[in-house]
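What follows is one structure encoded as structure tokens, with my remarks underneath.
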There are 2 protein chains.
Amino acid sequence: MSEKRAKELENALRSAGVRLTRQRAALLRVIAASDDHPDAAELHARAEAVGAGVSLATVYRTLTTLQAQGVIEKLEFQGEPARWEAADQKHHDHMIDIDTGAVMEFTNERIERLQAEIAAEMGYEIVHHRLELYVRRRRRD
Amino acid sequence: MSEKRAKELENALRSAGVRLTRQRAALLRVIAASDDHPDAAELHARAEAVGAGVSLATVYRTLTTLQAQGVIEKLEFQGEPARWEAADQKHHDHMIDIDTGAVMEFTNERIERLQAEIAAEMGYEIVHHRLELYVRRRRRD
DNA sequence: ATGGGTGCAAATCGTTTGCACTTGC
DNA sequence: GCAAGTGCAAACGATTTGCACCCAT
């Protein structure tokens, strides 16, 4: 099924005038097959694991290109290297367990609305935003 | 007045067992006198401007120390070098004008509450969070 | 006096880039 | 065929660190 998604992306990219190289096709598949939040090195490792000869430099260049095409989104959690996720899902924010490093997703329509209101009140419109909750498992005592 | 604040901080730090060196005293004053969001290089420049001989390495080390003492907070906006702000004010989030780079502060009690609820529902408690609105001035047309 | 703090320069780490070589269209 | 894409290794920019010296306590 992620193969199907990868094909869709190939067509979308091609009609956007982006050349479909062997490396890009391989990375599209790796990304489509990932449901977590890998960083560049991890994506490179996954591509290598599948025998796709892709240099790390190309991974970086491709990530930038795919982001510009709106195919993926860049996540920059505190201090750690940038992570990436497919952009096909609906908008969501992130919650990071600071003890385990686990990244969870959530959405809250009310928060979204409030943000827009705040910006509007000050005469601005939101281009994009970042909401991250750094959390710790609640200890029951 | 920021001089008064600097003195307060000196005492607080000393009783926390942090040695009060010439460099740290100078940086405390620079920070207390800043009401914006300077990065390490900028703080270094401001310290130099006041004739405080402080190396950039020490600026970095001091920022880390002051953060650990809860005196300042680290801000990491997209891509740019980390910025810092005094931690004495009440909690607030940031709105960044992506065209001018201007950083504004805001608070919204309802958003804070909603965040806590979301975390609680998933069995977590928030240790800290990050909410940034990247905005653009609303064009009246 | 002594252990923490500092300056300097070198090292780190994620990421970007110059250049000569490939390759998709 | 040719501009766009790639690999490699070198360059980058922010930050950190090893080490010899220094100074608050």
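Below, chains carry the letters A, B, ... as their sequence lines are ordered, and counting in each starts from 1. Model, not experiment: these values are computed from the prediction.
- Separating the P atom of dA10(C) from that of dG14(C) is a span of 23 Å, rounded to the nearest Å.
- For the pair Arg14(B) and dT25(D), the criterion of a side-chain N or O lying under 4.0 Å from OP1 or OP2 is met.
- A distance-only check finds a donor-acceptor pair linking the side chain of Arg24(B) to the backbone of Arg19(B) [under 3.5 Å].
- Ion pairing between a basic and an acidic side chain is recognised when a charged N comes within 4.0 Å of a carboxylate O; Glu85(A) and Arg83(A) show no such pairing.
- The backbone N or O of Gln78(A) lies less than 3.5 Å from a partner atom in the side chain of Tyr134(A), making a donor-acceptor pair.
- Taking every side-chain heavy atom of Gln23(A) into account, dG7(D) is the closest of dT6(C), dT25(D), dG7(D).
- Taking atom CG of Leu13(A) as the reference point, atom C1' of dG5(D) lies 14 Å away to the nearest angstrom.
- With 3.5 Å as the limit, one finds no donor-acceptor pair spanning the side chains of Glu73(B) and His128(B).
- dT25(D) atom C1' lies 11 Å from atom CG of Leu20(B), rounded to whole Å.
- Computed from coordinates, the Arg24(A) CZ to dC25(C) C1' distance equals 13 Å when rounded to whole Å.
- As rounded to whole Å, 10 Å separates atom P of dT6(D) from atom CZ of Arg19(A).
- For the pair Ser55(A) and Val18(B), nearest-nucleotide mapping onto DNA chain D gives the more 5' position to Ser55(A).
- Dashed line: the shortest gap from a side-chain N or O of Thr58(B) to OP1 or OP2 of dG7(C) is under 4.0 Å.
- Between Gln67(B) atom CD and dT15(D) atom C1' the separation is 13 Å, expressed in whole Å.
- Listed nucleotides: dT6(C), dG7(D), dG5(D). Nearest to the side chain of Thr21(A): dG5(D).
- A heavy-atom distance below 4.5 Å is not found between the side chains of Asp39(B) and His37(B).
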> When you check every protein heavy atom under 4.0 Å of nucleotides 14-22 of chain C, what one-letter string (B, S, -) results, 5' to 3'?
Replying inline: SBBBB----
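- Across the P atoms, dA14(D) and dG18(D) are found 22 Å apart, a figure rounded to whole Å.
- Straight-line distance from the CG atom of Leu28(A) to the P atom of dG5(D): 13 Å, rounded to whole Å.
- If you measure from atom CG of Leu66(A) to atom P of dG5(D), you get 11 Å, rounded to the nearest angstrom.
- Leu28(A) pairs in a side-chain contact (heavy atoms from CB on, under 4.5 Å) with only one of the listed residues (Thr62(A), Ile72(A), Leu13(A)), which is Leu13(A).
- Within the 4.5 Å cutoff, the side chain of His94(A) has heavy atoms near those of the Glu105(A) side chain.
- In this structure, Leu27(B) places its CG atom 13 Å from C1' of dG5(C), rounding to the nearest Å.
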